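Here's the structure, in structure tokens; my notes come after.
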Amino acid sequence: MTSPTPLPDAEQLYGALLAGVKALAAATPQPIHLAGIASGGAWLAERLHRDLGWPGAHGVISSAMHRDDFARRGLAHSEQTVLPFEIAGAHVLLIDDVLYTGRTIRAALNELFDYGRPASVQLAVLIDRGGRELPVEATFSAARQALPEGQSIELGRDADGRLHFVLENKEA
Ligand SMILES: O=c1cc[nH]c(=O)[nH]1
């Protein structure tokens, strides 16, 4: 049995993510549009957009339709893709909670490109847990923490909006 891994505080990591996104925006001459990958990334993008005070609205991307296991899994999240800005020519910053194999990001990119061809796409995440299967890297990650293959980690959100991580051992 794998012993539970102590996890960083999600609220603390959110603070680092906010600072990272601010720095990234300051280094980019053109406006950046946030698009959060449902569900954890969408919560983060919503809060980042509010805390940054950026005009317009943030986007939400559902990766469900382009997942490589769609036939088995179907539509797990109720979130739909909502991109309330022009994608063609936009500088998009994808937001997600955990970067792992890269397959979710591949699926999210496919979904994004269904709406047009952005000028650029970057990625910012709370945790990069390693274990990549695809050549995907984050422009900014608030923390790097390797986790055993048998553990899954997800972002949870309390009723008052506070963020926490949910860690599960997948082994029987
Ligand atoms: O396409 C995807 C994305 C995430 N996880 C999967 O198993 N497949």
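Counting starts at 1 for both ligands and their atoms, following the listed order. Note that the structure is a prediction, hence the values are computed from the model and not measured.
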Compute whether any side-chain donor of one residue and acceptor of the other, for [X] and [Y], lie under 3.5 angstrom apart.
{"X": "Y14", "Y": "D97", "value": "no"}
{"X": "H66", "Y": "D114", "value": "yes"}
{"X": "T81", "Y": "E111", "value": "yes"}

Checklist entry - Who's the nearest protein heavy-atom neighbour of atom 5 (N) of ligand 1, and how far? => result R67 NH2, 3.1 Å

Checklist entry - In the protein, what heavy atom is nearest to atom 7 (O) of ligand 1, and what distance, to one decimal place, separates them? => result R103 NH2, 2.9 Å

Checklist entry - Could you state the interatomic distance from CZ (R132) to OH (Y100), rounded to the nearest 0.5 Å? => result 10.5 Å

Next on the checklist: Using 30° and 60° as the class boundaries, would you call the ring planes of H58 and H49 parallel, tilted or perpendicular?
Outcome noted: tilted

Item to check | Short N or O distance, D68 and ligand 1, threshold 3.5 Å exclusive | outcome: yes

Checklist entry - Backbone or side chain, does any N or O of H66 fall under 3.5 Å from an N or O of ligand 1? => result no

Checklist entry - For ligand 1, which atoms, with element, lie under 4.0 Å from some heavy atom of R106? => result 1 (O)

